[in-house]
2 protein chains.
Amino acid sequence: MAVKSNGLALASRRVLSDVVTDDLRDAILSHDLEPGIRIAEDGLAIQLGVSRGPVREALLRLEREGLVTIERHKGARVASWNETDIEEIYSMRKVLEVLAFEWACKYATAEDLLAMEEVLDRYFKLTEKQRTPKEVSKLDLEFHSAVFVAAHHERLNKTWEILRSQIHALLVYTWSKDEKINKTYLPLWGTDHREIVEVIRGKQMKKAKTLILTHIDRGQQRTTKHFAEKPLPKQISSEG
Amino acid sequence: MAVKSNGLALASRRVLSDVVTDDLRDAILSHDLEPGIRIAEDGLAIQLGVSRGPVREALLRLEREGLVTIERHKGARVASWNETDIEEIYSMRKVLEVLAFEWACKYATAEDLLAMEEVLDRYFKLTEKQRTPKEVSKLDLEFHSAVFVAAHHERLNKTWEILRSQIHALLVYTWSKDEKINKTYLPLWGTDHREIVEVIRGKQMKKAKTLILTHIDRGQQRTTKHFAEKPLPKQISSEG
DNA sequence: GCACTGTTGTTTGTTAACAATTGTACCTCT
DNA sequence: AGAGGTACAATTGTTAACAAACAACAGTGC
């Protein structure tokens, strides 16, 4: 019923809990569900036309992704963010990306490099109008994910996927209100990434490390700035 | 029924899925369940006297911990290990521990340092007979966990807990057969840890980094060696 | 003998009902 | 009026039955 089999039959069979997980993640990352808001199992189940079982599983998975918090006997809420979260997320990101670049320098295949360039191409082909914060940050994360894939490091990739969701949510959150600031920053990313591809191709591990660190630092400063400027949304009162 | 309420009532109410998770984790980490072995939901549920719901949740959690692998419509198996896993685990461990030490140098409280020394004390008070691989590695991991706690970094701690389980399982696996090798190595750990505490107390971040890296390297070499020497157990035939 | 197919049994995925816990509103008593 | 307690409502935790997918095997046709 809630199975949206668009056209062709899916290769790896999707199961209801997968569908619910993806739907819910999309709802959170598209800011349909604001941070702090309560998610009742039954309500969501009815809304999606499924039973509570798959919904429970989905909430557990999203909790591990850091998009949702669960309290015993009290249920789930959409995760909310503060300055500490930014510090934690970006400090984690730095060490993970450095490791990813080291391994990518060692193990990246020709296909991996091609995949990275493909994302890069899509970025440069964006028209001025398409160059929205949402679209650009989506491509940015896609590029970095391509680097992690190139690292061929299973555990590192799993950890990155979790952090990626949180970064995504954080960006959506900080950018949800003001659309003007981005124009001055965004164009920089493309050239950064182009340089990164070449460094990996040349297996210049030392250079890769400094390059990625400054690249991420820029992102962190931007995010911190936006976060500070952002007017706090109506706090969910049922917090204390 | 399966609720083992030993004496006093637990502070934070434990729920069935928690009990199942812990029981199953113990069974895996104590090598009662060997790597590769199949875990049927129904069987485990009956064995523990609960229904399949909590068992499913437990399996999901242990999958995220990396102790169990789940295949769609095919069920769960106890995770098994190879040389690649060792490389992945220890490369992750290095970057996580370095980050933990940086943050611990910055944010460790007096209580945190005390907690570390308490673990250290228990190590040095072990009698010759108590100094088994199992006991020593348990204390080793406990010490490192204390450092992560001292870092006061929520996401880093969560990631470490996952990796810690895997390291634990890996150690149990490599040491499951031969008990003789350890005697020559084990005594080193205590002095390493003692030095580590002092470095954190003195907030010597640079020194902490090199110290922890050589410390972990030793562990990796030992594990790799044991793993290579270990005779492969009877492969679970239902693999291919 | 070998490939194919239908059947059967086992296991996971899903559902709906039941039990237990938490939060709230109202009532009573001091 | 305020403190405390009781009943009620809402929500999560748990269970058992049902549906769907997968795996093994016997039987059929070539």
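Naming: A, B, ... by sequence-line order, numbering from 1 per chain.
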Assert yes or no for the condition that the ring centre distance of B:His152 to B:Tyr107 is strictly below 6.0 Å.
-> no

Going by heavy atoms in the side chains, are A:Thr224 and A:Glu87 under 4.5 Å from each other?
-> no

Hey, are A:Glu118 and A:Arg122 close enough for a salt bridge, meaning a charged N less than 4.0 Å from a carboxylate O?
-> yes

A:Glu57 with A:Arg61: basic N within carboxylate O range, under 4.0 Å | yes

Give every residue pair that meets the side chain to side chain donor-acceptor pair (under 3.5 Å) criterion with at least one member in residues 43-52 of chain A, sequence neighbours excluded.
-> A:Glu41-A:Arg52

Distance, rounded to the nearest Å, where [X] contributes [atom1] and [N] contributes [atom2]:
{"X": "A:Leu48", "N": "C:dT15", "atom1": "CG", "atom2": "C1'", "answer": "15 Å"}
{"X": "B:Leu16", "N": "C:dA19", "atom1": "CG", "atom2": "C1'", "answer": "12 Å"}
{"X": "B:Asp18", "N": "D:dT14", "atom1": "CG", "atom2": "C1'", "answer": "13 Å"}
{"X": "A:Arg72", "N": "C:dG23", "atom1": "CZ", "atom2": "C1'", "answer": "18 Å"}
{"X": "B:Glu57", "N": "D:dG13", "atom1": "CD", "atom2": "C1'", "answer": "8 Å"}

Name the pairs: protein N/O against N/O of nucleotides 16-20 of chain D, kept only if under 3.5 Å.
none

Would one find more than 12 heavy atoms of other residues, nucleotides or ligands at under 6.0 Å from atom NZ of B:Lys94?
-> yes

CD/B:Glu161: more than 12 non-hydrogen atoms of other groups inside 6.0 Å = yes

Shortest non-hydrogen contact from A:Val20 toward A:Ala58 = CG1-CB, 3.6 Å

Report the nucleotide, chosen from C:dG13, D:dT12, C:dT15, that has the shortest atom-to-atom distance to any side-chain atom of A:Arg56.
-> D:dT12

Report each atom pair, protein N/O against N/O of nucleotides 7-11 of chain D, whose distance is under 3.5 angstrom.
{"unit_1": "D:dT11", "atom_1": "O3'", "unit_2": "A:Arg38", "atom_2": "NH2", "d": "2.9"}

5′-ward residue of the pair A:Ala76/B:Pro54 relative to DNA chain D = A:Ala76

